[in-house]
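Notes follow once the structure below has been shown.
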Amino acid sequence: MRAAAWQAMARGVADRRSPARHPTLATIGPDGPQARTVVLRGWAGDVAEVHTDAASAKLAELRADPRAALHVWLPKQDMQIRLSATVGIVLNDADRWTRIPEGARIVYGGDPTPGVPLHAAEDFRPGRDFGRFAVLRLSITRADLVHLGADMHRRAILGRGADGWTGGWVAP
Ligand SMILES: Cc1cc2nc3c(=O)[nH]c(=O)nc-3n(C[C@H](O)[C@H](O)[C@H](O)COP(=O)(O)O)c2cc1C
């Protein structure tokens, strides 16, 4: 089941229409859990990559506690993917910045910074600021996979240790 889940995550990076393109990223905020939609930018070697504004609340949350979760529901495969991760924050990644199309850079560097109250929604000015570009590298440590089969429901919980991935079926 992990192979199918990993394949779906890889597809999320390559295929804009794949459900894994837009996982939900959950972090631990000062007032409790926080979940939001993100774009899956990379998936390789048990590491997922997400880009964000360095001034966003999620970055402060991850600096305080690097634990996070990614959630994807694949309706065609009837599969839920729940991933636990430890997140590394990479700033000043000029190589990745140059690979982002000019028009797409506009979400990194708006004024005022995310979450600041505005008098009117139009008072916000988007901006392109390399200094505000953050790459989140989510090192996957655990996977909880559920398949809603026509015959039965199957669930597997897997953990990544020094010897690779171990674990197996659990009651759904
Ligand atoms: C379809 C969609 C894709 C999004 N992709 C991203 C993304 O890749 N990175 C990001 O930081 N925010 C993304 N957002 C915005 C977040 O959901 C969220 O509103 C924003 O990052 C602020 O979250 P925070 O205050 O918890 O940091 C996306 C929103 C939508 C609806």
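Given the structure is predicted, the values throughout are model-derived calculations rather than measurements. Atoms within a ligand are numbered from 1 in the order they appear, just like the ligands themselves. Numbering of residues begins at 1 and proceeds along the displayed sequence.
Nearest protein neighbour of atom 6 (C) of ligand 1, counting heavy atoms only, is V38 CA, 3.6 Å. In this structure, atom 16 (C) of ligand 1 lies nearest to the protein heavy atom T37 O, 3.3 Å. Nearest protein heavy-atom neighbour of atom 25 (O) of ligand 1: A57 CB, 3.6 Å. Looking only at heavy atoms of the protein, atom 26 (O) of ligand 1 is closest to R36 NH2, 2.7 Å. At the top of the distance list for atom 11 (O) of ligand 1, counting protein heavy atoms only, stands T52 OG1, 2.6 Å. Counting protein heavy atoms only, atom 8 (O) of ligand 1 is closest to V39 N, 2.9 Å. In terms of protein heavy-atom proximity, atom 22 (C) of ligand 1 is nearest to K58 NZ, 3.7 Å.
Applying the 6.0 Å contact sphere to CZ of R16 captures no more than 12 heavy atoms from other residues, nucleotides or ligands.
Among R21, H51, E49, H22, the residue whose heavy atom lies nearest to atom 9 (N) of ligand 1 is H51.
For ligand 1, the atoms lying closer than 4.0 Å to a non-hydrogen atom of S56 are 27 (O).
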For this session: Just do the side chain to side chain contact (heavy atoms under 4.5 Å, CB included) check on I28 and E61 with the steps written out, would you?
Result: CA-CA 6 Å; I28 301 166; E61 291 163 7; over 6 Å; no
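Residues in residues 30-81 take part in these ring-ring contact (aromatic ring centres under 6.0 Å, His included) pairs, two or more places apart or across chains: W6-W43, H51-F133.
For A134 against L59, the heavy-atom pair with the smallest separation is CB-CD1, 3.9 Å. Pairing each heavy atom of L158 with each of G167, the nearest pair is CD2-C, 3.8 Å.
Protein non-hydrogen atoms do not reach within 4.0 Å of atom 19 (O) of ligand 1.
A donor atom on one side chain and an acceptor atom on the other are not found under 3.5 Å apart for T141 and R67. Defined by atom type and a distance below 3.5 Å, a donor-acceptor pair is missing between the side-chain atoms of S56 and R132.
Proximity of Q34 to ligand 1, defined as any heavy-atom pair under 4.0 Å, is not found for any part of the residue.
Using a cut-off of 4.0 Å between Lys/Arg side-chain N and Asp/Glu carboxylate O, D15 and R21 are scored as not salt-bridged.
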